[in-house]
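Reading through the structure tokens given below for one structure.
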Amino acid sequence: MKILVCVTSVPDTTTKIAFTDNKTKLNKAGVTFITGPYDDYALARAVELKEKTGASITVLNVGQADSEPVIRKCLAIGADDAIRVNAEPTDAYFVAEQIAAIAKENSYDLILMGRESIDYNGGQVHGIVGEMLGIPSISPVMLLDLDGDTARITREIEGGKEGLEAKLPLVLGCQEPIAEWKIPNMRGIMTARTKPLKVVEPTGTDTLTTVASYELPAPRGAVKMIPADEAEKLIQLLHTEAKVI
Amino acid sequence: MSVLIFAELDEGKIKKSSQEAIFYGAKVAQMTGTTATAIIIGAADESELALAGRFGATNVLHATDAKLNEPNGMAYATVVAAAVQQEGSKVIVLAKSSLADAMTARLAGKLKAGLAANVISLPDLSNGFQVKSSIYTGKAFAYNDLKADVKILAIKKNTITPEETDATASVKAFTPALNEADFAISVKSTEKSSGDILLPEADLVVSAGRGLKGPENWGIVEDLAKALHAATACSKPVSDLDWRPHSEHVGQTGLKISPNLYIACGISGAIQHLAGVNSSKVIVVINKDADAPFFKSADYGIVGDVFDVLPRLTKAVKAL
């Protein structure tokens, strides 16, 4: 079985976002880039499936050379090889086109990725890839088990969950608790250095959406503190002043 | 050329977030000098279909194939794509949801459409087609230029306040051909809490964290939520500990919500938690630690013990 895990390189979750160049670019100074937290879950489940079934795992990233530390970490965690499509990821359609092109060449049984990237939060890439390849896509996937070529999946829905069944090949957007996050061990880190990382140029140049500029939210006004022994006053203020209840 | 709005049903009723989408879509139609058509998929009675007219849709396309009664992102994308073709729509509007997310991506792939998710403003048409969206989990905004011929706008809750009129929509049955491949995923089971207010749809949310000390103490949170007709939510540690289901987890890696009121009880306010809730209109923080960072992002705060404060708030709400 061949698994493709698509990962993003995103600012660490604690990053305070700031912009430069007249608010047209993310200020990367001092920002640590990490594997998308949802992508980490996808990779962790792939590694578990590899341990069980002997599957091979290829990691794919659409990104520039500065994504390579993130890709190497995925190799250290258990991926066998990696492909980097040498391009700035622009919009979901462009990224999906790159993934679909690689997938068409290599026919993977499972294409796993996070439910969304934590930068643009679009949550669209898996569905577009599924459509481009003409195979089913499911997200957000909380549990995944394989029985031959049948996948049994639990998907989160509003206020609950759904049990689903589908035949491989599939594209899945993953989230917790599909697997325990994996931390690379020393042996993994050492072997990751020698695992193949192929760099390919992008196919197609379809960017359908671009960002003209960015903005930060306006700061909230000062907090109004209410003494605990007058807690009831809060309800009055929410009713008469804030008018939300 | 009409603006097409996907209006999602929940047990035969148009979801509140979809009422917002219809009103938003009708505004876009006005701005672009066209009409608004709502597409409604699944069983719904006449009065519910007419409701789309009251929020601004001129026409309603109603797809009722029995195969569509089970929500299915792939099949719904086929239906909406057929409606886009019939109507010649260049703009498609929908509210973000679990079903809409699954459908939108397939639709964007089918139509090679430009897509903006988490849209929080009406489009600016003065120079192309630009919409503002929430990114970095609410920590920033982007002004997106949609350049494709067909544009899809997935709007975030509370982007617009719908106003109801007494207008009516003309309802037509819509029966597009369905693809067998769209039913390749079979639903084996569904577990849904019934009767509760769905968290992503809620206008008011009461949320709690580790400060509640254990799942057995959630009664005081639920009592306040019930009195307010609010949904309940929780922080990540709480869902990780299985005190509450993952579907209640709000934050960077959970649900991103934007209710009118978010009451955080016993949550210190880590940046990851804040990211999921910072677009709430009013934030109330109750914490016994006066130095909890969440107070800096709150509109109202109480330094106090949640076990003492929450029952008093519930009583005060009931007395309103």
Side-chain angles (χ1 to χ4, degrees), chain A residues 13-14 17 37-38 92-93 96 118-124 126-128 130-132 134 136-139 142 156-167 175-177 206 208-217 220-221 223-226 228 231-232 234-235 237-239 242 244-245, chain B residues 74 97-98 101-102 104-106 108-110 114-118 130 135-137 139-148 184-193 196 198 200 228 246-247 252-253 260-261 271-272 281-282 284 295 297-304 309 312-313 316-317 320:
Chain A
T13 56
T14 60
I17 301 297
Y38 295 116
Y93 197 91
I118 62 159
D119 47 9
Y120 286 90
N121 311 113
Q124 302 297 328
H126 34 74
I128 302 176
E131 189 64 33
M132 284 173 171
S137 55
I138 303 171
S139 179
M142 302 171 79
E156 184 165 299
I157 55 171
E158 278 135 9
K161 47 195 175 180
E162 228 175 31
L164 305 170
E165 222 173 83
K167 297 272 182 208
Q175 71 168 37
E176 60 195 322
D206 287 316
L208 305 176
T209 305
T210 55
V211 176
S213 62
Y214 299 95
E215 193 179 88
L216 292 173
R220 281 182 190 267
V223 57
K224 191 176 263 189
M225 296 305 292
I226 297 148
E232 294 78 7
L234 170 71
I235 299 302
L237 288 169
L238 293 175
H239 184 57
V244 287
I245 60 172
Chain B
M74 289 170 66
S97 75
S98 160
D101 284 353
T104 314
R106 303 293 303 203
K110 278 183 204 296
L115 168 73
N118 298 306
Q130 195 175 80
I135 58 167
Y136 290 107
T137 326
K139 289 192 276 189
F141 305 118
Y143 288 91
N144 306 278
D145 281 327
L146 272 65
K147 297 171 194 282
I185 302 166
S186 50
V187 178
K188 297 291 175 191
S189 63
T190 305
E191 274 177 50
K192 209 171 167 182
S193 49
D196 295 328
L198 283 179
L228 285 167
H246 186 268
S247 57
Q252 177 111 40
T253 54
N260 286 329
L261 173 64
I271 190 166
Q272 293 95 333
K281 199 171 147 200
V282 173
V284 173
F295 283 116
S297 310
D299 299 287
Y300 298 96
I302 296 177
V303 177
V309 173
R312 291 174 60 187
L313 295 181
V317 171
L320 268 185

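In what follows, chains are A, B, ... by sequence order, proteins preceding strands, each numbered from 1.
The parts of Ala242(A) that come within reach of chain B are both its backbone and its side chain, each placing non-hydrogen atoms under 4.5 angstrom from that chain. With a threshold of 4.5 angstrom between heavy atoms, Ile17(A) approaches chain B through side-chain atoms but not through N, CA, C or O. In this structure, the portion of Tyr38(A) lying under 4.5 Å from any heavy atom of chain B is its side chain and not its backbone. In this structure, chain B has heavy atoms under 4.5 Å from both the backbone and the side chain of Met225(A). Contact annotation for Leu164(A): both backbone and side-chain heavy atoms come within less than 4.5 Å of a heavy atom of chain B. Only the side chain of Pro37(A) comes within contact range of chain B, judged by heavy atoms closer than 4.5 Å. Only the side chain of Leu198(B) has a heavy atom closer than 4.5 Å to any heavy atom of chain A. Contact annotation for Leu320(B): only side-chain heavy atoms (C-beta onward) come within less than 4.5 Å of a heavy atom of chain A. Both the backbone and the side chain of Ala105(B) come within contact range of chain A, with heavy atoms under 4.5 Å apart. Looking at Leu238(A), only its side chain comes within 4.5 Å of chain B, counting heavy atoms on both sides. Neither the backbone nor the side chain of Ala96(A) comes within less than 4.5 Å of any heavy atom of chain B. For Asn118(B), the part lying under 4.5 angstrom from a heavy atom of chain A is the side chain only.
Using a cutoff of 4.0 Å between basic side-chain nitrogens and carboxylate oxygens, Glu131(A) and Lys110(B) are scored as salt-bridged.
The candidate from Arg220(A), Lys161(A), Glu232(A) with the greatest count of non-hydrogen atom pairs under 4.5 Å with chain B is Arg220(A). Taking chain B as the reference chain and counting heavy-atom pairs below 4.5 Å, the highest number among Ala231(A), Ala92(A), Gly127(A) is found for Gly127(A). Contact count against chain A (heavy-atom pairs under 4.5 Å) is highest for Ser186(B) among Ala116(B), Ser186(B), Ala108(B), Ala142(B). Per-residue counts of heavy-atom pairs under 4.5 Å with chain A were compared for Ala102(B), Ala117(B), Ala140(B); the largest is that of Ala140(B). Taking chain B as the reference chain and counting heavy-atom pairs below 4.5 Å, the highest number among Val244(A), Thr210(A), Ile245(A) is found for Thr210(A). Heavy-atom pairs under 4.5 Å with chain B peak, among Met132(A), Glu162(A), Glu156(A), His126(A), at Glu156(A). The candidate from Lys147(B), Lys281(B), His246(B) with the greatest count of non-hydrogen atom pairs under 4.5 Å with chain A is His246(B). Put simply, of Gly163(A), Ala166(A), Gly160(A), the one with the most heavy-atom pairs under 4.5 Å next to chain B is Gly163(A). Counting heavy-atom pairs under 4.5 Å between each of Asp101(B), Leu146(B), Leu115(B) and chain A puts Leu115(B) at the top. Most heavy-atom pairs under 4.5 Å with chain A, from the set Gln130(B), Arg106(B), Met74(B): that is Arg106(B). Ranked by non-hydrogen atom pairs under 4.5 Å with chain B, the options Gln175(A), His239(A), Glu176(A), Met142(A) are led by Glu176(A). Chain A forms more heavy-atom pairs under 4.5 Å with one residue of Thr190(B), Val187(B), Val303(B) than with any other, namely Val187(B).
Looking only at side-chain heavy atoms (C-beta outward), Tyr120(A) and Val211(A) come within less than 4.5 Å of each other. At least one side-chain heavy atom of Leu313(B) sits less than 4.5 Å from a side-chain heavy atom of Leu234(A). In this structure, Thr253(B) and Gln272(B) have side chains that are not in contact, with every pair of non-hydrogen atoms separated by 4.5 Å or more. Residues Tyr300(B) and Ile226(A) form a side-chain contact, since some pair of their non-hydrogen atoms from C-beta on lies under 4.5 Å apart. Residues Val282(B) and Asn260(B) fail the side-chain proximity criterion, which asks for heavy atoms closer than 4.5 Å.
Of all non-hydrogen atoms in Gly304(B) and Ala228(A), the two that sit nearest each other are CA-CB, 4.1 Å. When all heavy atoms of Thr104(B) and Gln124(A) are compared, the closest pair comes out as C-OE1, 3.7 Å. Shortest non-hydrogen contact noted between Ser137(A) and Gly130(A) is CB-CA, 4.4 Å. Residues Lys139(B) and Pro217(A) come closest through the heavy atom pair O-CD, 3.3 Å.
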Is there a salt bridge (Lys or Arg N to Asp or Glu O under 4.0 Å) between Lys224(A) and Asp299(B)? Walk through the geometry before answering.
CA-CA 6 Å; Lys224(A) 191 176 263 189; Asp299(B) 299 287; over 6 Å; no
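In summary, the side chains of Ser98(B) and Glu158(A) do not present any donor paired with an acceptor at a separation below 3.5 Å, with no hydrogens or angles considered.
Annotation: ring-ring contact (aromatic ring centres under 6.0 Å, His included) contacts of Tyr214(A) (sequence neighbours excluded): Phe19(A). Every residue meeting the side-chain contact (heavy atoms from CB on, under 4.5 Å) condition with Val317(B), not counting sequence neighbours, appears here in chain and number order: Ile235(A), Leu224(B), Ala227(B), Leu228(B).
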